[in-house]
Amino acid sequence: MPSCFVCGRSRIPLTKLQNIIFQRFSADPKIQEKWFDFFKENGLDVYKITKHSLICSSHFDPSLFITNKYCRTLSKTSVLSIVISKV
């Protein structure tokens, strides 16, 4: 079951009810570097990141999301800003 790299929250029916989505890591090297800085500042081991690692939407400011009629997605230049301890 997929879980958030930062807080460990799993993708379960409850997270869907809470409107939490899971994002893959940015493919943009500049954005990735900012994400890695966030992880290092919060004591996370960036060497444990895999191509399957995900981040839950709780770590992003709500204003960074683009919402349309069918889905909510993260803008391409979004950087993590909210620290949530392990769940």
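Just so we're clear, the structure is a prediction, and the values are computed from it rather than from any experiment. As a basis for the values below, the full set of heavy atoms in this structure was taken, side chains included, without hydrogen atoms, waters or symmetry mates.
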Side chain to side chain contact (heavy atoms under 4.5 Å, CB included) partners for S63, two or more places apart: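 If we apply the side chain to side chain contact (heavy atoms under 4.5 Å, CB included) test to S63, skipping adjacent residues, the hits are D61.
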[atom2] on [Y] to [atom1] on [X], rounded to 0.5 Å:
X	Y	atom1	atom2	result
K34	S78	NZ	OG	10.5 Å
I82	S57	CD1	OG	9.5 Å
L54	C4	CG	SG	8.0 Å
T50	K48	OG1	NZ	12.0 Å

Residue pair I12 / T15: nearest heavy atoms and the distance that separates them: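 Result for this residue pair: O-OG1, 2.7 Å.
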For residues 17-31, please give each side-chain donor-acceptor pair under 3.5 Å, one per line with the distance, not counting sequence neighbours.
unit_1 : atom_1 : unit_2 : atom_2 : d
S26    : OG     : D28    : N      : 3.2
D28    : OD1    : K30    : N      : 2.9

Show me the donor-acceptor pairs, under 3.5 Å and distance only, between side chains in residues 36-43 and residues at least two apart or in other chains.
unit_1 : atom_1 : unit_2 : atom_2 : d
N42    : ND2    : F38    : O      : 2.7

Distance-only polar pair, side chains of R9 and S58, donor-acceptor under 3.5 Å: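 The answer is yes; a qualifying pair exists.
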Single-linkage hydrophobic cluster L74~I66, side-chain heavy atoms < 4.5 angstrom: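 Looking at the clustering, I66 is in a separate group from L74.
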Within one Ile-Leu-Val-Met-Phe-Trp-Tyr cluster: F65 and Y70, side-chain cutoff 4.5 Å: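 Different hydrophobic clusters.
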Pair L80-F60, side chain to side chain contact (heavy atoms under 4.5 Å, CB included): steps then yes or no: CA-CA 5 Å; L80 296 111; F60 298 92; 3.7 Å; yes
